[in-house]
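A short worksheet on the structure shown next.
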2 protein chains.
Amino acid sequence: MEDVARLAGVSTATVSRTLRGLPNVSDETRDRVLHAAASLSYVVSPIASRLASGRTHTVGVIVPYASRWFFGQIVAGAESVLRAHSLDLLLYNIGDLPSRQRFFDALPLRRRVDAVLTVAMQFTDAETTALLSLGVPIVAVGHDVPGAGCVRIDDVAAAGSAVQHLLALGHRRIGMISTYNDQSMFLPVAHARHRAYVEILSSAGVAVDDDLIMSVPHGMDGGEQAMRRLLTLPDPPTAVFAESDELAFGALSALRRTGRHVSVIGFDDHELSALLDLTTVRQRVFEQGVLAAGMLRRAMSSSAWTPEELLMPTTLVLRASTWPAAVRTPGPG
Amino acid sequence: MEDVARLAGVSTATVSRTLRGLPNVSDETRDRVLHAAASLSYVVSPIASRLASGRTHTVGVIVPYASRWFFGQIVAGAESVLRAHSLDLLLYNIGDLPSRQRFFDALPLRRRVDAVLTVAMQFTDAETTALLSLGVPIVAVGHDVPGAGCVRIDDVAAAGSAVQHLLALGHRRIGMISTYNDQSMFLPVAHARHRAYVEILSSAGVAVDDDLIMSVPHGMDGGEQAMRRLLTLPDPPTAVFAESDELAFGALSALRRTGRHVSVIGFDDHELSALLDLTTVRQRVFEQGVLAAGMLRRAMSSSAWTPEELLMPTTLVLRASTWPAAVRTPGPG
DNA sequence: TTGTACGCGTTATCAT
DNA sequence: ATGATAACGCGTACAA
């Protein structure tokens, strides 16, 4: 920077001002500085800049399963807007217990980020406290953190509409495929969808049979496992609500391998759900990442930011993986 | 850090040494410092540390399509090992022309990373020069960069085995679904697989018909589009080799919608390929990310690192999406 | 083994 | 509008 200043015949202070586009720089000197910088192909050292300014220009993103479709979409959405404002994104993948403990033990985010984005996590009180102790704004997607901004869908209503759909098709024996994580805790999303399942069935006068609720690890394998177990029941379900499309894919796989027929409805509208003809509840995932990042930007720029809450809509997408109960099940008619 | 030093009754230099685990610190002082740091819940400022040491502890990762399955796997694999060594990973998603130009225009990696990982990119000479001008070690996955390390599969041989499989099934009219990017350039991977297609057909005495080669944007939509076009040909193929499983998924979708029957073989062994019964060429993607990150670590730690080259194996995975030509095609028999 | 002191490359405050 | 200079928080020769 000194070289640039010398070449432009000004002080380093003026170079700094110019390069950051601050006011109070005459057009003429601005040109000189810009030319000098260009001819020396000089760029500001982000690290030195961060140390001096005290701002990291970085946001930390915490997800449980980075390589799953849903989280990939969220991260990609957030990345696109953060990058556009030259903010760095530091990804922390803490799905399994060991990495999670390491994370909250060392809390590597300290002195490192200006804001935090967390996606579909279930934090203990201690973990929440640790997060808040970072002293930076937080935005959560798909779950709540006290004092944090929030982007989400109405999980209970959306999951309810899925179960409602199965009821409307005449199904009464309806299974559910749910997930848990390493701590044997339900993720908040799983919790809400499970609640919707219970509520809708109950209010329709259908008894909730715990045997029909399978709790498995997230992913296709989990879904396959769950459906296999459901099929071995003495009185298996005629329809199943899977908490996510990836679980539903696994369920479809089990059905195909066993040659059985059970209606399946998923949740998300995964990129491949149309191909697999999966009835599902659509949510705009990428966009939630975009909106969350926008919220983060606002939080970082205004010192008096108050947590916002954004509720995204969902849509029931009807395809061929669900059908009336009577068609395949012996009924009274 | 001064506070810690004061509390422990030592100098900041000793604190620094202790916290970095350097030798030449007596066990007793080490304990005192560690306790002091713990009781003040002090952590080193990574930014200040980086400025002082001149090392960023960060690697830049350049991918064309961050949210596609393949790249998600690579990045997840690399992240897992980088994180384990507390290295940050800065992701740059430059698939479309505008972001790519912005990237090479500003070259935001300057003074920012200790190493670079690029995945399946096709760089122009100018872009390669720009990258090399960063003066940091580079590792490329799925393509070559002069002077860079490399992790890859034998694309020509692997793609060849796919085409060979179709030939062995008796197919003679074999299509190919290939990709191009925004600059209308073939990605190096696309190039190699296309070459294999031509070579294998030629050496089997089968004429290469350019009408059977569809070039589309990457992704399911592209695959669907390509297959639709192939089906409208006066003499459509009886089998198709898709450059990636995602393209193949699109092709399967088109077949299902049109009720036509064409053998399809993909490439990658995507998580969902088994479910869709897609015959494909398997490669271990996540592991390539892991290995590339390991190579990067070696490159960063030893000043005299010489580019390594790693060749990963592939396997032909036979499923139900390919079948003998005679079964569905009127033949002499 | 430990302490001193300078340097890392900016930003920001206060003058001018 | 511009310049001098003190932070920013640490690493690291060098000295002790």
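Every chain is numbered from 1 and lettered A, B, ... according to where its sequence line falls, protein lines coming before strand lines. Given the structure is predicted, the values throughout are model-derived calculations rather than measurements.
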Between C:dC8, D:dT2, D:dC10, which nucleotide has the shortest distance from any of its atoms to the side chain of A:Val25?
D:dT2

Given the rule in the salt bridge (charged side-chain N to carboxylate O under 4.0 Å, His left out) test, do B:Asp114 and B:Arg50 qualify, once you have shown the distances and angles that lead to the verdict?
CA-CA 11 Å; B:Asp114 292 335; B:Arg50 287 164 189 197; over 6 Å; no

Rounded distance in Å - CZ (B:Arg112) to C1' (C:dT10)
14 Å

Which atom pair, heavy atoms only, marks the closest approach of A:Arg30 to A:Gly21?
NH1-CA, 4.3 Å

Between C:dT10 atom P and A:Arg55 atom CZ, what is the distance in whole Å?
18 Å

Measure across A:Pro46 and B:Arg110 and return the closest heavy-atom pair with its distance rounded to 0.1 Å.
CD-O, 4.3 Å

Could you state the atom-to-atom distance from CD of A:Glu28 to P of D:dA1 in whole Å?
13 Å

Are A:Val151 and A:Met312 packed together at the side-chain level, in the sense that at least one heavy-atom pair is separated by less than 4.5 angstrom?
yes

Distance from B:Met121 atom CE to B:Leu187 atom CG, nearest 0.5 Å?
7.5 Å

Measure CG/A:Leu40 against C1'/C:dG9 and give the value in whole Å, please.
15 Å

Atom-pair distance (CG on B:Leu51; C1' on D:dT12), nearest Å:
13 Å

Among residues at least two apart in sequence or on other chains, which ones pass ring-ring contact (aromatic ring centres under 6.0 Å, His included) with A:His143?
A:Phe123

Rounded to whole Å, the CZ-P distance (A:Arg110 to D:dG9) equals 16 Å

Measure the distance from CG on A:Asp27 to C1' on D:dT2 and round it to the nearest whole Å.
15 Å

Generate the contact string for nucleotides 11-16 of chain C. Rules: B means base contact, S means sugar-phosphate contact only, - means no protein heavy atom under 4.0 Å.
SB----

From the list C:dG9, C:dT2, D:dA1, which nucleotide is the closest neighbour of the side chain of B:Asn24?
C:dT2

